[in-house]
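Encoded as structure tokens, the structure appears first; notes follow it.
Just so we're on the same page: letters track the sequence lines, and every chain starts at 1. Fair warning: this is a prediction, and the values are worked out from it, not measured in the lab.
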Amino acid sequence: MIALSLPDGSVRQFEAPISGAELAADISKSLAKKALAVTVNGELRDLTRTIDTDAEVRVITAADEDIALPLIRHDAAHVMAQAVQDLYPGTQVTIGPAIDNGFYYDFARETPFTPDDLEKIEARMKEIVAADLPLIREEWDRDTAIKTFRDMGEAYKAEIIEALPEEAPISVYRQGDWFDLCKGPHLPSTGKLGTAFKLTKLAGAYWRGDSNNEMLQRIYGTAWANDKQLKAYLTMLEEAEKRDHRRLGREMDLFHMQEEAPGAVFWHPNGWALFRALIDYMRRRQEAAGYVEINTPSVMDRAMWETSGHWQTFREHMYTTQTEDERIFALKPMNCPGCLSVYRSATRSYRDLPLRIAEFGKVNRYEPSGALHGLMRVREFTQDDAHIFCTPEQMEDECRTVVELIMDIYKDFGFTDVRIKFSDRPDKRIGDDATWDKLESALKGALDHMGLPYSHNPGEGAFYGPKLEFVLRDAIGRDWQCGTLQVDMNLPARFQAVYVDKDDTRKPPVMLHRALFGSLERFIGILTEHYAGRFPLWLAPRQAVVATITSDADDHARAVLKALQAAGLKAEADLRNEKINYKIREHSDAKVPVILVVGKREAEEGTVAIRRLGGKDQEILALDKAVATLSDEAAPPA
RNA sequence: GCCGGUAUAGCUCAGCUGGUAGAGCACCUGAUUUGUAAUCAGGGGGUCGCGGGUUCGAACCCUGCUGCCGGCACCA
């Protein structure tokens, strides 16, 4: 006798052990049809597996998206693998998990798959779904399993089993005459997968994610519970493409890149206006927070980089030059050595600390060619960098101040969902454990005192100190790592930076490395996508356009323009002999936030008609009122 | 860096199996003086990414390189 309790609180008694499918059928006919899996005491299981003890049971249907979609996607991966092996015998299967929005499967095959193959595979997948093959779970003996897969020529599967712990059960799922090693669970039959899936892309992927291993061929797909969801997802992808910063960068004339300078940005006036607005803002915030600002050389002798350790650890990412005098120089990949040089240019007293030194430093790093991506990953970029020199006693307070500043600044851009990652000592590190204890507790202490939650990244810190990373989530739910805060007692020592303490002894200061935007280039890329090009007025590179309806209004339009510019607004006038429809369309496409329409009426009355981007209505205001309103709105956050 | 794809006018793209290039938008000129998301007509513009090769002949086929795109790895 077993008792199964259901989510609604009811309990059903059964004489003998019962399968999930039988349980669903016992509850209702329609549930039996819709059932995809069951959870038994919270553990997700196949419908076909027998429940033989008292338990809390829940029947899973497509309505339980969080559970059902991963199941559907995982099944889609299996069906795809079967389709591939049907069509291309000799192809080895490796792994094929469900992922966000879809699934993939990695295959080992000599011949590359082509985009045409995807269509064929998809067609074969639909046949397998139509055949509605039952998925049957089997448990195999470990050695038999290894032998079976090895004999089949499935070396990767055999390797996977060998890597499993001795006591792990080896489960295999069959669908028709095809089977795959898999821990499951799965849908009861391939028909339950439905046809709301689509193969999306081909890619290379290293076996076990290790670049020392051979490269496999990965096929990605997306899969959903129904066609409506699939279509919504595909539409979402199209929308995301429309806000791609590379596309908007061209459409809004922000910047361009070209072949002669891979990974470097040619900023156009519009993009540079944005860049300057961000720097102006940050400069103001930093000055208010007690920072001073410096600027240091881009090209410095290799000896500098040997002292800092970059030459030994970062050489492959550095650009170097050789001049006629045979000295080797390097383009700075980081600003710290320059800043340390400024620190060392005077004898520092404990009274000078904390000393907060900012630099909008342009750095060059030779990034792998495959990593480059628009503004997001470049080889030449500008950091909103700063280094804070302080005593060990001040360290925790300084960390807290930095975190406060970061969180506050992100808020000004509408990033309220910020997650913090804390990375502690890595295996390969310098410095003694006592120092690491201090550095880590300073960082953690700062967060704890502020009551901020954070996740732990054990062993992911820099070799010289632990770090915090600030990951922000944009308007369409994507995560971006921007800010970072690192504590360091190593570099000051390498450069023999010291301060004179109260007792007249020389001591090395603690050095905090921090950046908020991270890279200005990247941050502009993120903002562009976050706002979909519709920047808030204070950031917009073109804030207002005065558009005339007839040439009768030209003089008035010039006066309006003059007034706007006098109030500090980035404004233009469009006096072209074009219809107002044409002008509105063009400036709206260019994402200009405010269009001031002036015609004969406005000219006579001394007013303007304000039309906001995306809005249908207009607001007629007296000129001085309009200018005051707009200049108020265009003020950057304090 | 690795795997796959791709490169034609400023932009988006067409150009069948090889016979020396075409559209829309943008730009220029003219007409139109227009009331809230494309007025009409005319015109100029391309070493078909770069270098080799095959061929009587290459945007098209082969090959090397470079950039870009999608992933993987990397992101101190």
Does [X] get its side chain close enough to the base of [N], under 3.5 Å, for a donor-acceptor pair?
X: A:R377; N: B:C74; result: yes
X: A:Y206; N: B:G71; result: no
X: A:E367; N: B:G1; result: no

Looking at every strand, decide which applies to A:A205 at a 4.0 Å heavy-atom threshold: base, sugar-phosphate, or nothing.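 The answer is sugar-phosphate, as A:A205 gets under 4.0 Å only of primed atoms, P, OP1 or OP2.
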
Sort me out a list of protein N/O and nucleotides 46-52 of chain B N/O pairs below 3.5 Å, or just none if empty.
none

Mind checking side chain to side chain donor-acceptor pair (under 3.5 Å) for [X] and listing every partner two or more places apart, or none if nothing turns up?
X: A:Y206; value: none
X: A:N364; value: A:E380
X: A:R247; value: A:E251
X: A:R419; value: A:D479

Scan every strand shown for a Watson-Crick or G-U wobble partner of [N], both distances under 3.5 Å, and answer none if you come up empty.
N: B:G1; answer: B:C72
N: B:U47; answer: none
N: B:A26; answer: none
N: B:C56; answer: B:G19
N: B:U6; answer: B:G67

What are the residues of residues 299-313 of chain A, sorted by number, that bring a heavy atom to within less than 4.0 Å of RNA chain B?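 None, since no heavy atom is under 4.0 Å.
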
Can you pull out the residues from residues 512-520 of chain A that lie within a 4.0 Å heavy-atom distance of RNA chain B?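 Per residue number, the list is empty: none.
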
Option from A:F389, A:F495, A:Y343 for which side-chain contact (heavy atoms from CB on, under 4.5 Å) with A:M511 holds: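 It is A:F389; the other options fail the test.
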
Roughly how many Å is it from [atom1] in [X] to [atom2] in [N], rounded to a whole number?
X: A:D117; N: B:G5; atom1: CG; atom2: P; result: 11 Å
X: A:E260; N: B:C68; atom1: CD; atom2: P; result: 11 Å
X: A:R246; N: B:G67; atom1: CZ; atom2: P; result: 16 Å

Which of these, A:R534, A:R243, A:R478, sits in a salt bridge (charged side-chain N to carboxylate O under 4.0 Å, His left out) with A:E529?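 Of the listed residues A:R534, A:R243, A:R478, the salt bridge (charged side-chain N to carboxylate O under 4.0 Å, His left out) partner of A:E529 is A:R478.
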
Show each protein N/O and nucleotides 25-29 of chain B N/O combination with a separation under 3.5 Å, one pair to a line.
{"from": "B:A26", "atom 1": "OP1", "to": "A:Y582", "atom 2": "OH", "distance (Å)": "3.3"}

Which pairs with one or both residues in residues 604-618 of chain A pass salt bridge (Lys or Arg N to Asp or Glu O under 4.0 Å), sequence neighbours excluded?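 The answer is A:R612-A:E633.
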
Residue pairs passing the salt bridge (Lys or Arg N to Asp or Glu O under 4.0 Å) test where at least one lies in residues 94-119 of chain A, sequence neighbours excluded: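 Non-adjacent pairs meeting salt bridge (Lys or Arg N to Asp or Glu O under 4.0 Å): A:D106-A:R218, A:D117-A:K120.
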
Atom pairs under 3.5 Å, N or O on each side, protein against nucleotides 41-45 of chain B: can you list them with distances?
none

For this output row, return yes or no: ring centroids of [X] and [Y] closer than 6.0 angstrom.
X: A:F422; Y: A:H456; result: yes
X: A:W267; Y: A:F275; result: yes
X: A:H256; Y: A:F266; result: yes

For B:A26 and B:G44, measure between their C1' atoms and round to the nearest Å.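 Their C1' atoms lie roughly 13 Å apart.
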
What's the gap between B:G24 and B:C65 when it is taken at their C1' atoms, as a whole Å value?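 Going atom to atom, C1' in each nucleotide, I get 34 Å.
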
Taking 4.0 Å as the cut-off, does a side-chain nitrogen or oxygen of A:S369 come that near to OP1 or OP2 on B:G1?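 Checking B:G1 against A:S369, a side-chain N or O does come within under 4.0 Å of OP1 or OP2.
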
All N/O contacts under 3.5 Å from nucleotides 13-16 of chain B to the protein, with atom names and distances to one decimal?
none

